[in-house]
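Model, not experiment: these values are computed from the prediction.
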Amino acid sequence: AAAASEQALAHLYVDPTAEEGGDGTAGSPFRTLGEAVAVCADATVIHLAEGTYAEEACPIDFTGLRHVKVVGAGRDKTVFDLAGRIVTRFANVADSFDVTFSDLTVRNVASKEAECTSIGAAFSITKSGPVVFRSVDFRDCVQTNTNAGSHKWYYGGIVCIGVGSGASFVDCAFDNCRWHTTNEAD
């Protein structure tokens with residue numbers, strides 16, 4: 001039965017060294033995870049090739065997806081490195097069910113917002129669950145709050161918001177994921 005359900009899954013492929021304009025097949029993979037997620041349907045496995053991904057368009061939006069697996073080639077082999085570029089966050093998982101991320105690293109995510117509610121520099125999980133992270137490293141994911149008088153919540157790695165939201169972490173590591181407040185507006 002497991003083999004039958006695995007065969008029923010759709011498969012998309014991503015490789016950071018692929019030519020632009022791929023169609024997501026093994027022979028012509030997408031270049032970014034964002035491209036794959038944009039065409040992803042429920043019950044899909046997204047296979048990530050070894051390499052370093054820059055992901056220019058963040059956050060990657062997993063809203064409304066069900067039974068999706070994002071599988072890297074290994075935590076030190078498949079790396080999303082935003083190089084400290086300021087983004088809202090790396091990815092949103094909202095109103096989703098059974099989403100799994102495995103065998104990858106997310107690093108150098110810098111998030112800065114003066115007027116926002118709860119934010120996670122790496123992932124924001126809203127009204128979703130279960131969301132599973134398996135063998136995922138989070139490194140240097142930093143949220144900066146530029147509104148020192150605010151009583152809003154900020155997080156450096158993951159934030160779960162809303163009833164029923166939840167994440168599970170199996171063999172994951174968080175290294176230098178933090179938030180801080182500054183009076184600087186820049």
Side-chain angles (χ1 to χ4, degrees), residues 12-18 20 29-38 40 45-63 65 68-94 96 99-114 116 118-126 128 130-146 153-161 165-182 184 186:
L12 293 172
Y13 297 84
V14 184
D15 185 334
T17 64
E20 288 188 31
F30 290 122
R31 192 173 198 166
T32 69
L33 175 59
E35 289 175 292
V37 173
C40 184
V45 178
I46 300 173
H47 303 272
L48 302 171
E50 184 174 332
T52 301
Y53 296 77
E55 290 299 327
E56 294 297 323
C58 288
I60 300 167
D61 193 4
F62 289 84
T63 297
L65 293 176
V68 172
K69 297 178 183 179
V70 178
V71 182
R75 64 187 342 149
D76 289 325
K77 295 179 180 178
T78 301
V79 177
F80 290 92
D81 189 340
L82 273 60
R85 196 173 71 248
I86 302 294
V87 296
T88 305
R89 72 193 57 85
F90 173 70
N92 290 326
V93 182
S96 301
V99 178
T100 301
F101 299 89
S102 61
D103 300 308
L104 57 95
T105 293
V106 177
R107 70 181 182 206
N108 297 322
V109 179
S111 180
K112 178 166 53 172
E113 290 192 21
C116 60
S118 298
I119 297 298
F123 283 84
S124 176
I125 301 167
T126 308
S128 298
V131 178
V132 177
F133 296 89
R134 185 173 285 114
S135 297
V136 177
D137 286 349
F138 300 90
R139 297 182 189 150
D140 300 309
C141 298
V142 179
Q143 166 70 45
T144 301
N145 174 9
T146 57
W153 299 99
Y154 296 85
Y155 305 91
I158 307 267
V159 61
C160 294
I161 307 167
S165 290
S168 297
F169 303 91
V170 180
D171 191 29
C172 293
F174 290 84
D175 181 27
N176 197 32
C177 294
R178 67 192 192 289
W179 68 272
H180 66 94
T181 300
T182 178
E184 298 174 20
D186 57 358

Checklist entry - About how many Å separate CG of D175 and SG of C141, when rounded to the nearest 0.5 Å? => result 9.5 Å
Item to check | Donor-acceptor pair between D140 and N176 side chains, under 3.5 angstrom | outcome: yes
Checklist entry - CG of D103 to NE2 of H47: how many Å apart, nearest 0.5 Å? => result 12.0 Å
Checklist entry - With sequence neighbours left out, what residues match D76 under salt bridge (charged side-chain N to carboxylate O under 4.0 Å, His left out)? => result R139
Checklist entry - Does some side-chain heavy atom of V68 sit less than 4.5 Å from a side-chain heavy atom of T100? => result no
Checklist entry - Going through the distances and angles, do V45 and V71 end up as a side chain to side chain contact (heavy atoms under 4.5 Å, CB included)? => result CA-CA 7 Å; V45 178; V71 182; 4.1 Å; yes
Checklist entry - Are side-chain heavy atoms of P16 and T52 found at a separation under 4.5 Å? => result no
Checklist entry - For the side chain of Y13 and the backbone of A49, is there at least one donor-acceptor N/O pair under 3.5 Å apart? => result no
Checklist entry - Partners of D171 by side chain to side chain donor-acceptor pair (under 3.5 Å), sequence neighbours excluded? => result R75, S135
Checklist entry - Where do I125 and A167 come nearest, in terms of heavy atoms and distance? => result CD1-CB, 3.8 Å
Item to check | Aromatic contact, F90 with F80 (centres under 6.0 Å) | outcome: yes
Item to check | Residues which pass side chain to side chain donor-acceptor pair (under 3.5 Å) with S102, listed by chain and number, not counting sequence neighbours | outcome: none
Item to check | Flag side-chain contact, heavy atom, 4.5 Å: T105 against T78 | outcome: no
Checklist entry - How would you list, by chain and number, every residue that makes a ring-ring contact (aromatic ring centres under 6.0 Å, His included) with F101, sequence neighbours excluded? => result F62, F123, F133
Checklist entry - Any side-chain heavy-atom pair from V70 and L104 closer than 4.5 angstrom? => result yes
Next on the checklist: Determine whether V14 and Y53 satisfy the following criterion, side chain to side chain contact (heavy atoms under 4.5 Å, CB included), listing intermediate values before the conclusion.
Outcome noted: CA-CA 10 Å; V14 184; Y53 296 77; 3.5 Å; yes
Next on the checklist: My understanding is that only residues two or more places apart in sequence, or in another chain, count here; which of them pass side chain to side chain donor-acceptor pair (under 3.5 Å) with E55?
Outcome noted: none
Checklist entry - When you look at D61 and N92, which way does the side chain to side chain donor-acceptor pair (under 3.5 Å) test go after all the steps? => result CA-CA 5 Å; D61 193 4; N92 290 326; 4.5 Å; no
Checklist entry - Rounded to the nearest 0.5 Å, how far does OG1 of T32 lie from CD of E20? => result 9.5 Å
Checklist entry - Where do A36 and I46 come nearest, in terms of heavy atoms and distance? => result CB-CG2, 4.0 Å
Checklist entry - Any side-chain heavy atom of L65 within less than 4.5 Å of one from V37? => result yes
Checklist entry - Taking the side chain from S128 and the backbone from T126, do they hold a donor-acceptor pair closer than 3.5 Å? => result yes
Checklist outcome for this item: Rounding to 0.5 Å, atoms CG (L48) and CZ (F30) come to a distance of 12.5 Å
Checklist entry - Taking only residues two or more places apart in sequence, or in another chain, which ones meet R134 in a salt bridge (charged side-chain N to carboxylate O under 4.0 Å, His left out)? => result none
Item to check | C172 vs D137 side-chain heavy atoms within contact, under 4.5 Å | outcome: no
Checklist entry - Is a side-chain donor or acceptor of T17 paired with a backbone partner of D15 at a separation under 3.5 angstrom? => result no
